[in-house]
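No experiment lies behind these values; they were computed from the predicted model shown. The first residue in the sequence is number 1, and the count goes up from there.
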Amino acid sequence: MAKQKPKKLHLAAFIYSGQQTQIWRHRDQHAHDSLDVDYYIEYAQLAEASKFDTLFLADGASFPSGPLAKHLWSVSTFEPATLFSAIAARTNHIGLIYTASVSDNEPTHVARQLASLDHISHGRAGWNVVTTPGPGSENLRIPSEETKDSSAKYFRARSFLQATKALWDSFEDDALIRNKETGIYVVLEKIHPPNLESSLYKITQPLKVERPIQGYPVIAQAGTSPEGISFGGSSADVIYCANYSIEDGQKTYRALKSAAVAAGRNPDHLVILTGVAVIWGETQEAAEAKLAEATALWPIDIAIQNLGIDVGEADLDGPFPEDWKALFSQGRSAAIASFALKNKLTVRQLAERASVGLGHRPLVGTTKSIADDLQAWLEAEATDGFAVIQPLLLQGLQDFSTHVVPELVRRGLFRSDYEGATLRENLGISRPPNQYVKPQ
């Protein structure tokens with residue numbers, strides 16, 4: 001019997017689009033980096049040199065609301081498809097996954113953007129499908145009550161994804177023959193208008209770009225509520241989630257893999273990435289000092305807002321309340337609240353610890369302790385890999401790439417080079433067939 005190869009980590013580099021971070025105030029940061037394309041390219045090239053599977057860009061189209069907006073980078077950020085097209089031209093291997101909401105767009109536009117990016121990047125595009133409403137929701141006449149109803153949001157997500165896949169399949173893979181002698185550029189019999197009409201979308205025209213190199217761009221999803229697990233297990237290639245303990249990670253892992261099996265899928269073709277905010281130091285004390293320096297930049301009201309949890313009238317220095325309410329992601333909020341309650345943290349202590357990682361688990365330590373932690377999660381089947389958030393941005397990625405990645409490679413936990421040409425190949429995910437072509 002052949003010996004099974006040891007499992008290797010998948011790593012995504014979480015590339016900031018501004019978000020709620022206050023690190024722009026750090027003395028070593030350029031406050032204008034949120035619109036400095038060369039900064040993003042340098043970040044991407046460093047992640048690629050370290051053989052990360054992909055970049056992961058969180059994005060929302062809404063202008064930040066409320067008086068705290070005056071503190072935030074996210075008042076002015078790049079549109080992600082445009083930014084990733086620039087990065088694609090300056091990189092060769094790393095994946096390019098960005099967020100676009102089904103409540104803020106329409107299928108033809110998103111399908112064409114992603115198909116174009118997949119061709120520009122030679123097969124490295126990915127889409128993080130989210131349901132969060134933005135300013136386009138009103139333009140699309142989405143009822144406000146739908147944007148608050150989880151079942152309705154995921155019904156839209158399924159319908160939207162069905163439409164985009166039909167559009168990506170408009171061209172059979174060999175539809176374009178480009179025959180100069182006959183003058184025939186395309187075999188029209190191999191073009192398939194979706195002719196899709198549902199309660200939400202009517203699409204009759206084929207997409208005006210040939211099928212993506214990957215068949216479909218890699219589909220990512222970030223919801224771990226019951227509806228999110230069902231949707232992700234049946235439809236996603238990558239799941240981006242938040243967990244603070246191996247035990248919670250194992251529960252999420254089992255639920256998602258089971259949902260994939262229930263949908264008739266190979267569970268190995270669903271890659272689970274857990275968010276982790278890494279701060280490295282030569283010693284534990286040095287790492288903790290870096291964390292304290294970053295945390296000190298955060299006004300406490302912004303740190304609390306960034307948790308995405310309504311704590312009501314709870315005393316900041318009193319116990320974390322058990323009657324908290326999620327403001328955004330149910331799954332992420334539950335993970336954060338569970339961590340606070342298990343460790344008997346106050347609201348202030350939780351906010352200060354979790355704020356620098358945008359609500360994700362902070363991992364503060366040395367080369368050995370960080371590598372030990374990542375290895376433990378992988379071997380316990382609590383995750384397939386990590387979306388590595390860098391509270392210290394480019395400097396943090398340099399620390400991780402210089403010190404932690406070589407140790408992971410030495411342990412046989414991470415690649416020393418890319419295995420494939422496309423993001424799907426590097427993730428170990430198969431290329432989907434065209435729904436209009438009968439299997440041979």
* Could you check if a side-chain atom of F414 sits within less than 4.5 angstrom of a side-chain atom of E407, using non-hydrogen atoms only? => no
* Asked: Any salt bridge between K190 and D173, counting N to O under 4.0 Å?
  -> no
* Quick check: does any side chain N or O of S103 sit under 3.5 Å from a backbone N or O of T131, one acting as donor and the other as acceptor? -> yes
* To do: Hey, can you tell me if Y216 and W168 have their rings parallel, tilted or perpendicular (30° and 60° cut-offs)?
  => tilted
* Structure fact -> Of all heavy-atom pairs linking Q398 and L46, the shortest is CG-CD2, 3.3 Å
* **Test applied, ring-ring contact (aromatic ring centres under 6.0 Å, His included); reference residue, W127; option that passes from F160, Y98, F84** => F160
* Flag the pair L297 / H26 as yes when at least one side-chain heavy-atom distance between them is below 4.5 Å, and no otherwise. => yes
* Got a donor-acceptor contact below 3.5 angstrom from the W24 side chain to the H71 backbone? -> yes
* Is there a donor-acceptor contact under 3.5 Å from the side chain of Y43 to the main chain of A13? -> no
* Which is it for K7 and D384 under the side chain to side chain contact (heavy atoms under 4.5 Å, CB included) test, yes or no, and what are the steps along the way? -> CA-CA 9 Å; K7 192 174 178 182; D384 291 317; 2.6 Å; yes
* **Pairwise distance CG(L423) to CD1(I97) - rounded to 0.5 angstrom** => 5.5 Å
* Between I15 and F56, does a side chain to side chain contact (heavy atoms under 4.5 Å, CB included) hold up when you go through it step by step? -> CA-CA 6 Å; I15 184 167; F56 192 99; 5.9 Å; no
* Structure fact -> Note: I177 and I184 closest approach over all heavy atoms is CG1-O, 3.5 Å
* Structure fact -> In short, salt bridge (Lys or Arg N to Asp or Glu O under 4.0 Å) pairs touching residues 100-125 with sequence neighbours left out are none
* To do: Decide whether R265 and S235 meet the rule of one side-chain donor and one side-chain acceptor closer than 3.5 Å.
  => no
* With no hydrogens and no angle check, is any side-chain donor or acceptor of Q214 less than 3.5 Å from a backbone partner on A125? -> yes
* Provide the closest heavy-atom pair for S150 versus S225 in the form atom of the first, atom of the second, distance. => OG-OG, 4.5 Å
* Considering all heavy atoms, the nearest E227-S151 contact -> OE2-OG, 4.0 Å
* To do: Give the C-alpha distance, both sets of side-chain angles, the deciding distance and a yes or no for salt bridge (Lys or Arg N to Asp or Glu O under 4.0 Å) between D372 and K368.
  => CA-CA 6 Å; D372 285 348; K368 182 179 185 305; 2.7 Å; yes
* Do the side chain of S369 and the main chain of G365 share a donor and acceptor less than 3.5 angstrom apart? -> no
* Heavy atoms, side chains only, cut-off 4.5 Å: are T108 and Q113 in contact? -> no
* First locate atom CD of Q305, then atom CG of L72, and finally report the distance between them rounded to the nearest 0.5 Å. => 6.5 Å
* Asked: Do the non-hydrogen side-chain atoms of P107 and Y201 ever get within less than 4.5 Å of each other?
  -> yes
* To do: Give, for atom CZ of R211 and atom CG of D174, the distance between the pair rounded to the nearest 0.5 Å.
  => 11.0 Å
* For atom CZ of F155, decide whether the heavy atoms of other residues, nucleotides or ligands shown that lie under 6.0 angstrom number more than 12. => no
* Stepwise, does the side chain to side chain contact (heavy atoms under 4.5 Å, CB included) test hold for I219 with L161? -> CA-CA 9 Å; I219 303 300; L161 187 57; 4.0 Å; yes
* I would like to know whether L427 and D237 meet side chain to side chain contact (heavy atoms under 4.5 Å, CB included); could you show each step before the answer? => CA-CA 9 Å; L427 289 171; D237 303 305; 5.8 Å; no
* To do: Over 60° means perpendicular and under 30° means parallel, so classify the ring planes of Y240 and F14, tilted if in between.
  => tilted
* For the student: nearest non-hydrogen atoms of A337 and I309, plus distance -> N-CD1, 4.3 Å
* Less than 4.5 Å apart, any side-chain heavy atom of V276 and any of H360? -> no
* Taking atom OH of Y154 and atom OG of S230, what is their separation to the nearest 0.5 Å? -> 10.0 Å
* Flag, side chain of T91 to backbone of I87, donor-acceptor distance under 3.5 Å -> yes
* Going by heavy atoms in the side chains, are T54 and L96 under 4.5 Å from each other? -> no
* Over all heavy atoms of both residues, which pair between D248 and S338 is shortest? Give the atoms and the distance, please. => OD2-OG, 3.6 Å
* Looking only at atom types and distance, does a side-chain atom of T82 sit under 3.5 Å from a main-chain N or O of F78, one as donor and one as acceptor? -> no
* To do: Find out whether L35 and T77 are in side-chain contact, i.e. whether some heavy atom of one side chain is under 4.5 Å from a heavy atom of the other.
  => no
* Have N128 and T99 got a donor and an acceptor in their side chains that come within less than 3.5 Å? -> yes
* Ignoring hydrogens and geometry, is there a side-chain-to-backbone donor-acceptor pair from K8 to G412 under 3.5 Å? -> yes
* Asked: What distance do S234 atom OG and I229 atom CD1 have between them, rounded to the nearest 0.5 Å?
  -> 11.5 Å
* Asked: Is the CZ atom of R90 crowded by more than 12 outside heavy atoms at less than 6.0 Å?
  -> no
* Taking the side chain from Q162 and the backbone from R158, do they hold a donor-acceptor pair closer than 3.5 Å? -> no
* Test item: L256 and T252 side chains (from C-beta on) under 4.5 Å apart, heavy atoms -> yes
* Donor on one side chain, acceptor on other, R361 and Y244, under 3.5 Å -> no
* With no hydrogens and no angle check, is any side-chain donor or acceptor of H119 less than 3.5 Å from a backbone partner on E210? -> yes
What donor-acceptor contacts under 3.5 angstrom involve side-chain atoms of residues 267-275, with partners at least two apart or in another chain?
| from | atom 1 | to | atom 2 | distance (Å) |
| --- | --- | --- | --- | --- |
| T274 | OG1 | T383 | OG1 | 2.9 |

* What's the spacing between H93 NE2 and N426 CG if we round to 0.5 Å? -> 8.5 Å
* Asked: Salt-bridged, E247 to K251, with N to O below 4.0 Å?
  -> no
